[in-house]
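Data block below; observations after.
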Amino acid sequence: MTSRNLWYMRSNFFFGSRCWMIRYSAEILKSVSFRLFGVTCNNGDNEPLENEDLLNNLLTMGVDIDMAKKRQPGVFNRMVTNEQDLKMFLLSKGASKEVIASIISRYPRAITRTSESLSKRWDLWRKIMTSDLEIVNILERSPESFFRSNNNINLENNIKFLYSVGLSQKCLCRLLANAPRTFSNSLDLNKQMIEVLQEVCLFLGHNDPTDFVRKIISKNPFILIQSTKRVKANIKFLQSTFNLNKEELLQLLCGPGAGILDLSTECAKRNYTNIKEKLFSLGCTEEEVQKFVLSYPDMMFLADKKFNDKIDCLIEEKISILQIIESPRVLDSSISTLKSRIKELVHAGYNLNVSNIALLSWSQKRFEAKLEKIKRLEQCLGS
C-alpha cells in the first residue's frame, strides 16, 4: 500500500496533474515567499500557479495587486521573493509604508532583489546624493531607476567614468534625479556618447571638450540615454536647416538647442515643416520663422495639431503673430491655461493687443501676483 501511494505521488508530480508543495514554518523563512521546486507548476488550465504566500504578504502591505500583475506578472510565479526584506530596508531609509506599496505596485520586480544587493546599490547612490530622503523621492517617482538593474559593478564603473570626464557631483546628482537610466547603461554605451560629444566639440572649433560635455549634459541630462546615431543626425539637421556656421552651432548646442538632440530626426523635421507652413500662412517670412524657432527650440517638441491649436487660440484672442514671435514661451502653456489667463487679464483691464504677452507663460504664483498689481493699478486709475 505504501509503495502504491509513493508511485501515485511521483506520477502526479512528473505528469503535471498536481504539484505538491512543502511549506516551511514562518520561523525558518519569515522574510521570503518560497516554493520548493524549480519547475513551473500548473493548474488544470495549464496556467502557472501563483505564490499564495506572496499574494497575502503584498495585500497586507497595501500593494495594488492588479496593477502589479499588469506590470510584471512573472514575479508572482517566482520561487523566492524578498518583499519583507525590501519593506524593512526601505523603512530604515525613511520611506513610508504607502511609498513602499506604491513602489512595488508599479515595479514588482523590486521584491526579487536581495538585501545585500540593495545595500550595495544604495551605498553607490549615496556617493552622489546627499541624503537617503533624496533617493527615496526618486524611487517614489521612478522605481525602475533603482530596481531595473542589479548590476552594481556596472553602476560603480559608470559613476567613476562620469567623474573622470569632468562631471561634478552636482551634475551627477541632476543626472540621477532626472535621467537615472544613464547609470544602468552599459559603460561602453556611455563612453561612446561622451566620445561623440568630444568629437563634435573639436569639429566645431572648441578646444575644451570637458567644458563642452559638461555644458551639453547640464542643459540636457537625457543626452546619455539617446543613441549616438540620433544625436549625430540631429546636429546635422540643425546645421543644415538653419544654415549655421560652426560658432553659431556651438552656441546653440551649448544653450537652448541641446534639448533638440533628444528628438527623433524625423519628428524634428516634421514638426519644423509644420511650424514653417503655419507661420507662412500668417504672413511670416523665412527669416522670421528661423528667428522664432532658434529663440526657443523647445517648440519643436510640439506636434503639429498642438502647435496649430495654440497659435489659433492666441490669434482668436486678437494677439498678433509678431507678438507671439517675440514671446515664444507662451506656447508652453496649455490652451485652457491660455484662455483662462487671457480672460482674467482682459477683465482686469490689461490690453493684450499692445502689451507684453510673456506673462501668459509665467508660473501661477508669479502670474497671480502680477494680476493683483494690474487690478490695483486699474482701481487707482478708475478712482
Side-chain angles (χ1 to χ4, degrees), residues 72 82 86 89-90 93 95 103 106-107 109-202 206 208-235 253-254 258-259 261-263:
Q72 293 161 350
N82 305 303
L86 175 64
F89 179 82
L90 292 177
K93 301 300 182 183
I103 287 172
R106 289 179 292 135
Y107 202 82
R109 203 172 294 153
I111 65 176
T112 66
R113 305 300 184 225
T114 65
S115 296
E116 182 181 3
S117 177
L118 288 174
S119 295
K120 176 63 176 175
R121 198 164 190 81
W122 198 277
D123 290 343
L124 289 171
W125 276 43
R126 274 303 307 270
K127 289 184 177 181
I128 301 172
M129 311 303 284
T130 58
S131 70
D132 288 339
L133 185 58
E134 286 182 314
I135 300 178
V136 169
N137 289 336
I138 295 175
L139 266 59
E140 183 179 6
R141 187 175 68 251
S142 175
E144 66 275 11
S145 63
F146 186 86
F147 297 105
R148 183 169 178 262
S149 170
N150 62 350
N151 189 340
N152 291 327
I153 294 175
N154 183 68
L155 171 60
E156 188 168 16
N157 288 336
N158 271 324
I159 292 172
K160 289 178 180 177
F161 170 68
L162 294 172
Y163 273 131
S164 74
V165 297
L167 300 186
S168 64
Q169 182 175 358
K170 182 179 180 181
C171 188
L172 261 65
C173 183
R174 187 162 181 258
L175 274 176
L176 195 53
N178 294 281
R181 211 177 85 201
T182 298
F183 298 88
S184 296
N185 281 349
S186 71
L187 180 61
D188 285 341
L189 277 179
N190 283 336
K191 283 184 174 180
Q192 288 172 23
M193 181 60 77
I194 295 296
E195 287 170 2
V196 166
L197 295 177
Q198 290 171 338
E199 290 170 4
V200 169
C201 168
L202 296 174
H206 190 43
D208 190 347
T210 299
D211 177 65
F212 179 76
V213 168
R214 187 165 51 241
K215 285 179 178 177
I216 289 279
I217 293 177
S218 66
K219 292 290 183 180
N220 182 359
F222 304 99
I223 187 73
L224 290 170
I225 59 177
Q226 305 303 329
S227 71
T228 55
K229 181 179 179 181
R230 171 177 291 189
V231 169
K232 289 178 181 178
N234 280 333
I235 290 174
L253 294 177
C254 291
L261 301 181
D262 289 344
L263 271 174

Inset, instruction - Please lay out, stage by stage, how Arg121 and Ser149 fare under the test side-chain contact (heavy atoms from CB on, under 4.5 Å). - result: CA-CA 10 Å; Arg121 198 164 190 81; Ser149 170; 3.9 Å; yes
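- By the 4.5 Å heavy-atom criterion applied to side chains, Ile135 and Arg126 are counted as neighbours.
- Thr112 has its side chain out of reach of Asn82: every pair of non-hydrogen atoms, C-beta onward, lies at least 4.5 Å apart.
- Leu253 pairs in a side-chain contact (heavy atoms from CB on, under 4.5 Å) with only one of the listed residues (Val231, Asn234, Val200), which is Val200.
- At least one side-chain heavy atom of Asn137 sits under 4.5 Å from a side-chain heavy atom of Glu140.
- Rounded to the nearest 0.5 angstrom, His206 NE2 and Cys254 SG are separated by 6.0 Å.
- Judged by distance alone, with hydrogens and angles left aside, the side-chain atoms of Ser218 form a donor-acceptor pair with the main-chain N or O of Lys215 at under 3.5 Å.
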Inset, instruction - Could you give me the CA-CA distance, side-chain angles and deciding distance for Ile217 and Ile194, then say whether side-chain contact (heavy atoms from CB on, under 4.5 Å) is met? - result: CA-CA 10 Å; Ile217 293 177; Ile194 295 296; 4.2 Å; yes
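- Here the side chains of Ser145 and Arg181 are not in contact, with every heavy-atom distance at 4.5 Å or above.
- Classification of the Trp125-Phe146 ring pair by plane angle, with boundaries at 30° and 60°, yields perpendicular.
- Qualifying side chain to side chain contact (heavy atoms under 4.5 Å, CB included) partners for Asn178, counting only residues two or more places apart in sequence or in other chains: Arg174, Pro221, Phe222.
- Between Ile138 and Ala177, the shortest heavy-atom distance links the atoms CD1-CA, 3.8 Å.
- The closest side-chain heavy-atom distance from Ser184 to Leu155 is not below 4.5 Å.
- Residue Leu162 holds its CG atom at 7.5 Å from OG1 of Thr182, rounded to the nearest 0.5 Å.
- Atom OG of Ser115 is separated from atom CH2 of Trp122 by 13.0 Å, given to the nearest 0.5 angstrom.
- Side-chain atoms of Arg214 come within 3.5 Å of backbone atoms of Gly166 as a donor-acceptor pair (strictly under, hydrogens ignored).
- The structure places OG of Ser164 at 12.0 Å from CD1 of Ile159, a figure rounded to the nearest 0.5 Å.
- Scanning both residues, Asn154 and Ser186, for their nearest heavy atoms gives OD1-CA, 3.6 Å.
- Residue Lys191 holds its NZ atom at 13.5 Å from CG of Asn185, rounded to the nearest 0.5 Å.
- If you take CZ on Arg106 and CZ on Arg141, they are separated by 10.0 Å, rounding to the nearest 0.5 Å.
- The minimum heavy-atom distance linking Arg148 with Tyr107 is given by the pair CA-OH, 3.1 Å.
- The shortest heavy-atom contact between Val196 and Lys232 is CG2-CE, 3.8 Å.
- Under a 3.5 Å cut-off, the side chain of Glu156 and the backbone N or O of Asn152 do not form any donor-acceptor pair.
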Legend entry - Test log, rule side-chain contact (heavy atoms from CB on, under 4.5 Å), inputs Asp123 and Lys127: CA-CA 7 Å; Asp123 290 343; Lys127 289 184 177 181; over 6 Å; no
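- Closest approach of Gln169 and Ile128 over heavy atoms only: NE2-O, 2.9 Å.
- Side-chain contact between Phe183 and Ile225: absent, with no pair of heavy atoms (C-beta onward) separated by less than 4.5 Å.
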Inset, instruction - Please report the C-alpha distance between Gln198 and Val213 in whole Å, then the side-chain angles of each, then the deciding distance to 0.1 Å, and finally whether the side-chain contact (heavy atoms from CB on, under 4.5 Å) criterion is met. - result: CA-CA 7 Å; Gln198 290 171 338; Val213 168; 3.9 Å; yes
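- With a 4.5 Å cut-off on side-chain heavy atoms, Ile223 and Asn220 count as touching.
- Within the 4.5 Å cutoff, the side chain of Val136 has no heavy atoms near those of the Leu90 side chain.
- In plain terms, the two heavy atoms of Lys219 and Ala258 that are nearest each other are CB-CB, 3.7 Å.
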